[in-house]
Number of protein chains: 2
Amino acid sequence: MTETQPTAAAAEPGGDAAPVRRSPVERRILAAALRLFAERGFDGASVQGIVEAADVTKGALYHYFDSKDALLYEIYHSLIARQLADLDAVLAEGLPPREAVRKVLTGLILSTAEHVDEAKVFSREWHRLDDARMHAVRADRRRYHNTFRALVEQGRRDGSFTTPTPADTVAIVALGMVNQLPRWYRADGPKPAADLAAEVADFILAALD
Amino acid sequence: MTETQPTAAAAEPGGDAAPVRRSPVERRILAAALRLFAERGFDGASVQGIVEAADVTKGALYHYFDSKDALLYEIYHSLIARQLADLDAVLAEGLPPREAVRKVLTGLILSTAEHVDEAKVFSREWHRLDDARMHAVRADRRRYHNTFRALVEQGRRDGSFTTPTPADTVAIVALGMVNQLPRWYRADGPKPAADLAAEVADFILAALD
DNA sequence: TGCCAGAAACCGACCGGTCGGTATGCATCC
DNA sequence: GGATGCATACCGACCGGTCGGTTTCTGGCA
């Protein structure tokens, strides 16, 4: 697995950041797997069900993917890659901490709301991966957390934020809300995702002040 | 911590109010189920594995419990019952909103840290319950959320809190952090749970101000 | 106290079914 | 004629749950 460096590529928030070339069959398989994993969980979704939903045969699935685990990993990876790309893009703008935190948070919430299924699967079953893949996922997650924490830390150092709360705890609270979002969020809910994102960002920034 | 005491557990929607008496065998089964569910997930833990860990036979397990689902529900129910009892106890003290919020939050975080396994299983697999049991669990969860939200709302109305953030969003952020906690928290981690609880409560209260 | 009958607690081999994964055949295209 | 892109048939492992039977407990009666 090639490590994703803080590349300046994909400065398109919320967009598809993966340069992976997929055949139509692969895309159908991944879409079906995503839907079924989100609906019934990883173990609850059978390979047979996935190939039927994707209208392919088992042979086709195992031609493109090594295992059921591999499907799960592809879903995780595309999600994290997008989040990291968005994060790097905001950091590259060199905004003052307050604006940077706001932009990162609202972007993350909007992107999570837009890809609820990926996020739901991710937050629920990432522990089912084999050791190697889990390690890769964990490393990416940690990088996101650490980068966000560093952003808050920088704001505290330069006086933008006066909160006594350690940056790590701030990250735990802010990112915790985001990771929990796919459990209850519905696109047809009463409050638009943009409103929610703004409210949460304002709330966190108020605490940081 | 001991079981839920005979304290008058307030109006409990759809649940039995019986003060569950458990035989040693039942307790061993539940403890083993909890450990294995937390370790390998609901589907990943087989009934066979549970009875071996509990050192009982399958017949004994199905003598006491209707199904594998029933085991899961018992775990959920004991956790929620404890949380609701704690919440009600704090509310009964009639503290001013600021102190009440602090006490509820720190108590919830400490209790979650103390019962990480229950919380981990809960946050990960509550969707696997059958419809009836899921409904019961959901109702209890909603009651917790709504009560907490009402507490914040009251504080906003009487001027204790001046934040413009809707109480519902506050609950989403605060409780989101708690629900996410079992994913990363380790009892032997660098920061004691009490410190974490205090930091988070301070942070949220700072935002509410 | 001794005895016994019925109920509760428990045993574990076994069942039908599903699961992830494999082996192999066979067009199509370079 | 090999590599690619599938289709089809099939496998052994294991799963949650059942069921007929056995052991242990309990209370009433002599």
Side-chain angles (χ1 to χ4, degrees), chain A residues 20-76 121 124-134, chain B residues 16 18 20-76 121 124-134:
Chain A
V20 192
R21 282 265 185 272
R22 301 266 186 222
S23 78
V25 172
E26 275 177 284
R27 272 198 294 265
R28 284 214 316 274
I29 292 172
L30 282 173
L34 171 58
R35 217 191 66 220
L36 289 176
F37 287 166
E39 237 168 56
R40 313 159 37 157
F42 182 70
D43 292 309
S46 70
V47 171
Q48 192 56 44
I50 293 172
V51 303
E52 276 165 21
D55 200 30
V56 299
T57 61
K58 239 186 190 183
L61 189 149
Y62 278 95
H63 173 72
Y64 286 109
F65 300 97
D66 284 349
S67 63
K68 199 186 176 189
D69 258 36
L71 286 173
L72 191 57
Y73 179 74
E74 288 303 313
I75 291 170
Y76 290 169
V121 172
R124 207 159 51 185
E125 342 237 10
W126 71 281
H127 63 286
R128 265 159 234 261
L129 287 174
D130 55 272
D131 281 358
R133 286 192 247 249
M134 195 171 90
Chain B
D16 51 346
V20 265
R21 268 274 179 264
R22 303 263 184 225
S23 78
V25 173
E26 274 177 285
R27 273 199 291 267
R28 284 217 314 276
I29 291 172
L30 282 173
L34 171 58
R35 217 191 67 221
L36 289 176
F37 287 166
E39 236 169 56
R40 334 215 290 217
F42 182 70
D43 292 309
S46 72
V47 171
Q48 192 56 44
I50 293 172
V51 304
E52 276 164 22
D55 201 29
V56 299
T57 61
K58 233 178 187 188
L61 189 150
Y62 278 95
H63 174 72
Y64 287 109
F65 301 96
D66 284 348
S67 63
K68 199 186 176 189
D69 257 37
L71 287 173
L72 191 57
Y73 179 73
E74 288 303 311
I75 292 170
Y76 289 169
V121 172
R124 207 160 48 183
E125 344 236 9
W126 69 281
H127 63 287
R128 265 164 232 263
L129 288 174
D130 53 89
D131 280 359
R133 285 192 246 249
M134 195 170 89

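Order of the sequence lines sets the chain letters (A, B, ...), proteins ahead of strands, with each chain counted from 1.
Nucleotide D:dC15 holds its P atom 11 Å from the CD1 atom of B:I50, rounded to whole Å. Straight-line distance from the OH atom of A:Y62 to the P atom of D:dC11: 17 Å, rounded to whole Å. Residue A:R40 contributes atom CZ, which lies 12 Å from atom P of C:dT18 at whole-angstrom precision. To the nearest angstrom, P of C:dG20 lies 15 Å from CD1 of A:I29. One interatomic measurement links the two molecules: CD of A:Q48 to P of C:dT22, which rounds to 16 Å at whole-angstrom precision. When rounded to the nearest whole Å, the span between OH of A:Y64 and P of D:dT4 equals 12 Å. The interatomic distance linking A:E52 (CD) with C:dG20 (P) rounds to 12 Å, in whole Å. Rounding to whole angstrom units, CZ of residue B:F65 and P of C:dC10 are separated by 11 Å.
Phosphate contact (OP1/OP2 of D:dT8, side-chain N/O of A:T57, threshold under 4.0 Å): absent. In this structure, B:K58 does not reach the C:dG12 phosphate: none of its side-chain N or O atoms is under 4.0 Å from OP1 or OP2. Close to D:dC6, at under 4.0 Å from its OP1 or OP2, lies no side-chain N or O of A:H63.
The shortest heavy-atom contact between A:Y62 and A:S67 is CE2-CA, 4.0 Å. The two residues A:F42 and A:E125 come nearest to each other via the heavy atoms N-OE2, 2.8 Å.
Residue B:R40 places its CZ atom among 12 or fewer non-hydrogen atoms of other residues, nucleotides or ligands, all under 6.0 Å distant.
Using a 4.0 Å heavy-atom criterion, one finds that B:A45 contacts the sugar-phosphate atoms exclusively. When heavy atoms are screened at a 4.0 angstrom cut-off, A:S67 is found touching the sugar-phosphate backbone but no base atom.
Shown are B:L129, B:D130, B:D66; of these, the side chain to side chain contact (heavy atoms under 4.5 Å, CB included) with B:Y73 is made only by B:L129.
A salt bridge links B:E74 and B:R22; the closest N-O separation between the charged side-chain nitrogens and carboxylate oxygens is under 4.0 Å.
Taking every side-chain heavy atom of B:S46 into account, D:dC15 is the closest of C:dC10, D:dC15, C:dT22. Nearest nucleotide to the A:A60 side chain, out of C:dC11, D:dG17, D:dC6: D:dC6.
The nearest heavy atom of DNA chain C to A:V47 and to B:G59 marks one nucleotide each, and the one closer to the 5' end goes with B:G59.
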